[in-house]
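Take a look at the structure set out below.
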Amino acid sequence: MFISFATFAQKQDTLSITLENVKYAYPVKYFNLNTEGQDLRMAYMDVAPTAFNNGRSVILFHGKNFGGYYWTDVIKALTAKGFRVIVPDQIGFGKSSKAFIHYSFHQMAKWNKQLLDTLGIQKASVLGHSMGGMLATRFALMYPNQTEKLLLENPIGLEDYKSFVPYVSTEQQYQTELKSTAESVKKYYQSSYFTVWKPEYDELVRIAGGVTHSADYPRWAKVAAMTFSMIYEQPVFYEFPNIKVPTVLFIGKSDRTIVGKGLLSPDQQAIHGQYQFLGKQTAAKIYGAKLIEFDDIGHIPHVENPTEFIIALLGSLQ
């Protein structure tokens, strides 16, 4: 039977929407949850120290377009310094269940607290990237006694997007998500996430783009739309002054991320998403916050310049 090269390539690139065929750097376990009458599975890695155990833990919260797979360098560095590292895929992301539920940062924070409780971890430093920064902020606000330090890496939510981005319904956003392709994912990553594209970033595209070939992709797209609405409708912007835990912001100054950027005119895009200013403004709102900035780095410092980021991170955890 003849199979065209294009068909073969698609089959090779197809990924399931729970990433069964994506190998994570460390063993993946599952935390069982029940919400809204549904049994869900929350995937996570629990990585023990490779050096002398310092008795401290760090939990890593990924961004909206990622899962635990992009934290490998950070996990290695932290465990080598004696930290236990917990790396969940949030419900709706990565290897976790793609549930049709009401998505809430409050609920996500509670689930992560329950995971830490189950693992016997009473206190952890919380590192959140991008959307994970919004979640980490909510976690620190809800559970200050369980948060040793709040570490925010180019978090989104430093602006209230609903104050300037036109509203779109979850259904409208779903129709937009359905149009995603591997090619459009790569174009977005190139234009939005990195200052200079490197071949190693193609693996991130392979994962994010691979699910678009899945027969179950409409479910992935629906969840992506639901979590877009969560980000838009549940700002943490107004609550930064309420944070009571030691906080460090790690900011790639070339980042220009805006949630809903495509809904804005070029003039509006030029006004917002200016992380070289947003980092300073946000640090000023959080009592005692420390700001660490990276020149010529975009949205994902731990991927674009892992050496510099890890040095800064380890220094901040001392």
Side-chain angles (χ1 to χ4, degrees), residues 6-7 9-24 28-45 61-70 87-112 115 129-132 134-135 156 167-189 192 203-234 259-260 262-263:
T7 302
Q10 176 168 318
K11 288 181 180 298
Q12 290 292 97
D13 293 340
T14 299
L15 299 178
S16 76
I17 64 168
T18 46
L19 305 186
E20 280 94 346
N21 33 3
V22 175
K23 183 172 174 56
Y24 283 26
V28 174
K29 303 175 183 179
Y30 291 91
F31 179 53
N32 294 321
L33 299 163
N34 182 280
T35 190
E36 299 180 29
Q38 301 179 53
D39 292 324
L40 307 179
R41 298 202 311 168
M42 183 176 176
Y44 68 96
M45 293 179 279
F61 292 162
H62 60 75
K64 186 178 188 300
N65 293 321
F66 303 97
Y69 55 82
Y70 78 156
V87 191
D89 283 352
Q90 303 305 326
I91 295 295
F93 300 87
K95 292 180 178 288
S96 294
S97 300
K98 304 299 178 295
F100 291 167
I101 56 173
H102 172 68
Y103 280 91
S104 156
F105 284 122
H106 288 79
Q107 181 67 80
M108 284 185 175
K110 184 178 179 181
W111 286 332
N112 283 279
L115 173 61
H129 167 249
S130 194
M131 180 199 77
M134 290 185 76
L135 174 56
I156 59 171
Y167 172 75
V168 294
S169 68
T170 302
E171 176 61 25
Q172 288 173 304
Q173 184 62 27
Y174 171 53
Q175 295 302 322
T176 298
E177 298 283 355
L178 283 174
K179 298 173 186 175
S180 290
T181 64
E183 292 74 23
S184 69
V185 168
K186 182 167 185 175
K187 183 178 179 182
Y188 178 77
Y189 281 24
S192 301
E203 177 63 11
L204 299 177
V205 174
R206 184 186 76 83
I207 297 172
V211 296
T212 66
H213 299 309
S214 170
D216 294 323
Y217 180 68
R219 174 173 280 271
W220 175 290
K222 184 73 168 181
V223 171
M226 290 172 164
T227 54
F228 177 94
S229 295
M230 172 181 71
I231 292 166
Y232 185 87
E233 294 174 357
Q234 300 175 29
V259 176
L263 300 168

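Note that the structure is predicted; figures quoted are calculated from it, not measured.
- Under the rule for a salt bridge (charged side-chain N to carboxylate O under 4.0 Å, His left out), E36 has no partner lying at least two apart in sequence or in another chain.
- The distance between the ring centers of Y44 and F61 does not fall below 6.0 angstrom.
- The closest donor-acceptor contact from the side chain of Q234 to the backbone of F105 lies under 3.5 Å.
- The main-chain N or O of Y70 is never found under 3.5 Å from a side-chain atom of E203 such that the two would form a donor-acceptor pair.
- Both the sub-6.0 Å distance and the 45° axial angle are not jointly satisfied by K64 relative to the ring of F228.
- Rounding to the nearest 0.5 Å gives a distance of 11.5 Å between CD of Q107 and CE of M230.
- The aromatic ring centroids of Y69 and H62 lie 6.0 Å or more from each other.
- Considering all non-hydrogen atoms of both residues, T212 and G209 come closest at OG1-O, 2.6 Å.
- The distance from the NZ atom of K222 to the OG1 atom of T227 is 12.0 Å, given to the nearest 0.5 Å.
- Two residues are said to be in side-chain contact when any heavy atoms from C-beta on lie closer than 4.5 Å; Y167 and S169 meet this criterion.
- A cation-pi geometry, defined here as NZ or CZ lying under 6.0 Å from the six-membered ring centre and within 45° of its normal, does not hold between R41 and F31.
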#### Entry: Criterion side-chain contact (heavy atoms from CB on, under 4.5 Å) on L15 and I207, from CA distance to verdict
CA-CA 7 Å; L15 299 178; I207 297 172; 4.3 Å; yes
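- Legend: residues meeting side-chain hydrogen bond (donor to acceptor under 3.5 Å, both in side chains) with Q175, ordered by chain and number and at least two apart, are E171.
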### Message
side-chain contact (heavy atoms from CB on, under 4.5 Å) for M42 and D89? Distances and angles first, verdict last.
### Response
CA-CA 6 Å; M42 183 176 176; D89 283 352; over 6 Å; no
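- Listed by chain and residue number, Y174, E177, L178, Y217 satisfy the side-chain contact (heavy atoms from CB on, under 4.5 Å) test with A221 (two or more places apart in sequence, or in another chain).
- Judged by distance alone, the side chain of K98 and the main-chain N or O of A224 form no donor-acceptor pair under 3.5 Å.
- Two residues are said to be in side-chain contact when any heavy atoms from C-beta on lie closer than 4.5 Å; L19 and Y24 meet this criterion.
- Proximity of a side-chain donor or acceptor of S184 to a complementary backbone N or O of S180 within less than 3.5 Å is not detected.
- Going from atom OG of S130 over to atom CG of N65 covers 7.5 Å, rounded to the nearest 0.5 Å.
- Side-chain contact between V185 and L204 is absent, with no heavy-atom pair separated by less than 4.5 Å.
- Using a distance-only test at 3.5 Å, with no hydrogens or angles considered, a donor-acceptor pair links the side chain of S104 to the main chain of H106.
- Judged purely by distance below 3.5 Å, without hydrogens or angles, the side chains of E233 and S229 never pair a donor atom with an acceptor atom.
- Between N112 and P88 the shortest heavy-atom distance is OD1-CG, 3.3 Å.
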### Task
Output, in order, the C-alpha distance, side-chain angles, deciding distance and verdict of side-chain contact (heavy atoms from CB on, under 4.5 Å) for I101 and I91.
CA-CA 10 Å; I101 56 173; I91 295 295; 4.3 Å; yes
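- Under a 3.5 Å cut-off, the side chain of S96 and the backbone N or O of A43 do form a donor-acceptor pair.
- At least one side-chain heavy atom of S16 sits less than 4.5 Å from a side-chain heavy atom of N21.
- Here the side chains of D39 and N32 are not in contact, with every heavy-atom distance at 4.5 Å or above.
- In this structure, CG in L263 is found 7.5 Å from CD in Q173, a value given to the nearest 0.5 Å.
- With respect to the salt-bridge test (charged N to carboxylate O, under 4.0 angstrom), the residues K186 and E183 do not qualify.
- Rounding to the nearest 0.5 Å gives a distance of 11.0 Å between CZ of F66 and CE of M131.
- Looking at Q90 and L135, their side chains come closer than 4.5 Å, going by heavy atoms from C-beta outward.
- For the pair T18 (side chain) and E20 (backbone), a donor-acceptor distance under 3.5 Å is absent.
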### Task
Kindly determine whether V259 and Y232 satisfy side-chain contact (heavy atoms from CB on, under 4.5 Å), including the steps that lead there.
CA-CA 8 Å; V259 176; Y232 185 87; 5.6 Å; no
